[in-house]
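One structure is given here, and the rest of the page talks about it.
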There are 2 protein chains.
Amino acid sequence: MHGTAEQDILCRTDLFRGLSPDSLRALRRSATRRRLATQDPVFHQGDRAETFYVVAEGRLRVTQTTADGQQVIIRYVGPAELAGLAVLAGDDLHPSTATAVADSEVIGISRAVIREIMARHPEVAMNAVSVIAARYREMQQRLREMSTQNVERRIAHTILRLAREAGRRTARGIEIAFPLSRQDLAEMTGTTLHTVSRTLSAWEGRGLVDSGRRRVVVRRPHELAMLADAAG
Amino acid sequence: MHGTAEQDILCRTDLFRGLSPDSLRALRRSATRRRLATQDPVFHQGDRAETFYVVAEGRLRVTQTTADGQQVIIRYVGPAELAGLAVLAGDDLHPSTATAVADSEVIGISRAVIREIMARHPEVAMNAVSVIAARYREMQQRLREMSTQNVERRIAHTILRLAREAGRRTARGIEIAFPLSRQDLAEMTGTTLHTVSRTLSAWEGRGLVDSGRRRVVVRRPHELAMLADAAG
DNA sequence: GCGAATCTTTGCGGCGGATCAAAGCGCTGC
DNA sequence: GCAGCGCTTTGATCCGCCGCAAAGATTCGC
């Protein structure tokens with residue numbers, strides 16, 4: 001699984017959907033591959049935005065850190081998804097940091113290459129519009145959640161979303177397929193690890209989830225969804 | 001100020017920057033103008049996304065309403081800015097509602113027209129990427145604020161942002177140039193009108209702002225910015 | 001100019017969730 | 001196998017902000 005897998009992943013992205021085999025081949029030649037171990041950084045907040053990445057395998061965590069050192073998780077990025085969208089927009093700097101949370105493989109594409117492809121293939125530029133618009137909508141949804149829902153519902157929504165994006169069916173239920181700590185969930189929902197821990201403990205008591213050290217399994221997705229949609 | 005003003009506004013947008021005069025003229029012919037009084041709706045959440053709008057004059061409020069009827073304000077949109085970005089992305093439905101908050105004039109452009117322009121003029125498609133990416137970044141910032149800052153700082157940031165986007169210099173300070181109620185600020189910051197009212201009263205006591213019925217004037221922008229950046 | 005509607009202010013009580021503190025648990029490395 | 005580190009749990013306390021309630025301003029319609 002080398003070249004062919006790589007080309008597969010590129011044409012499976014929403015960004016390059018519809019690009020001709022020839023162009024894909026050329027793109028593949030100018031792209032670079034990188035293997036990452038857990039914890040390896042891909043780029044840092046404030047770095048020059050020279051290269052964006054397609055995840056071929058594994059998963060990245062995208063975070064932002066505030067002036068006073070608080071961190072929030074913007075998103076997890078999985079196979080066939082993109083990290084470093086600022087490059088597509090032609091921005092100078094990466095506004096966020098991307099880090100591998102599992103052994104991963106990414107394909108890097110430089111600003112110059114993607115800008116030229118978009119200029120030559122408007123359908124790719126239009127795909128880029130859709131990709132970023134989807135992220136924008138995602139963000140609107142999270143903002144709405146933060147504004148109107150209490151902590152328990154926010155955690156429920158977040159876990160359900162992760163289960164959808166990165167869920168693995170097991171005998172016990174749907175397992176989120178990468179290490180996810182209480183602290184991580186807190187940084188996604190705007191609360192503290194203490195509150196997340198208490199909430200998961202309560203759910204565990206009711207048989208909704210099964211969780212442990214950096215591990216979450218959703219046992220009753222339907223009931224958790226009810227809870228996520230309940231008032232409050 | 002008819003045709004010429006309209007063309008001016010179109011070429012002053014980030015979206016159509018760099019488009020040739022000929023194409024602009026053609027675009028202008030296929031666009032429609034609409035005058036709006038305060039409170040007039042432009043489009044509704046759930047409507048088919050057939051047309052997006054360039055604000056030529058005035059201001060729109062873009063909101064989302066949750067299943068249980070709670071409203072959040074996504075953004076205010078002023079001259080040379082866009083409303084209805086979903087149309088650019090080719091989405092089926094408008095995810096939000098846009099309403100005039102002052103007498104306004106908008107220029108409507110249909111999905112078919114903009115898609116064709118983007119297909120023919122990649123630079124416009126790339127502009128669209130930048131426009132949406134800017135909104136995405138804006139949203140990330142607000143999410144970060146919601147996650148890490150207390151109510152007072154969020155209100156301060158919000159008012160400063162509005163003053164920057166829609167501020168009018170007056171003898172008393174910078175006046176936000178459209179009607180803005182306590183409830184509106186609450187829906188932008190994820191709090192209640194009561195808390196906004198208390199906060200503004202406190203600031204008024206310290207001479208930071210001067211506010212009344214649907215009216216906010218920032219008297220000491222610098223001090224308000226200090227407060228917005230302070231810890232907490 | 002009067003009343004009604006809308007927006008704002010302010011007091012009071014309560015609670016969700018943060019904060020502080022300390023102890024348990026499960027990996028990892030030697 | 002034991003030490004040590006990072007993650008998790010749980011208790012106790014506190015406080016920022018919400019929710020409710022009622023009165024005070026301001027604008028608008030007739």
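Naming convention: chains lettered A, B, ... in sequence-line order (proteins, then strands); numbering from 1 in each chain. Please read all numbers here as calculations on a predicted model, not as lab measurements.
- Applying the 4.0 Å criterion to OP1 and OP2 of D:dC18, one finds that B:Thr195 has a side-chain N or O inside that range.
- Using modelled atom types, one finds a donor on one side chain and an acceptor on the other under 3.5 Å when comparing B:Gln149 with B:His157.
- Where A:Ser181 and B:Thr191 meet DNA chain D, the nucleotide closest to each residue was compared, and A:Ser181 sits on the side nearer the 5' end.
- Contact detail for B:Gly167 and B:Ile174: the closest heavy-atom pair is CA-CG2, 3.7 Å.
- One atom, CD1 of A:Ile155, and another, P of C:dG16, lie 14 Å apart when rounded to the nearest Å.
- The base of C:dG11 sits with one of its N or O atoms less than 3.5 Å from a complementary donor or acceptor on the side chain of B:Arg198.
- Axis deviation across the helix from C:dG1-D:dC30 to C:dC30-D:dG1 amounts to 50°, comparing end segments of five pairs, rounded to 10 degrees.
- A donor and an acceptor atom, one from each side chain of B:Arg144 and A:Gln64, are located under 3.5 Å apart.
- In this structure the side chain of B:Ile107 reaches within 4.5 angstrom of the side chain of B:Ile9, judged on heavy atoms.
- At least one side-chain nitrogen or oxygen of A:Ser201 sits closer than 4.0 Å to the OP1 or OP2 atom of D:dT10.
- If you take CG of A:Asn150 and C1' of D:dC18, they are 13 Å apart, rounded to a whole angstrom.
- The base of C:dT6 lies close enough to the side chain of B:Arg213 for a donor and an acceptor atom to sit less than 3.5 Å apart.
- Side-chain atoms of B:Arg182 and B:Ser211 include a donor-acceptor pair closer than 3.5 Å.
- For B:His194 against C:dT8, no side-chain N or O and base N or O form a donor-acceptor pair under 3.5 Å.
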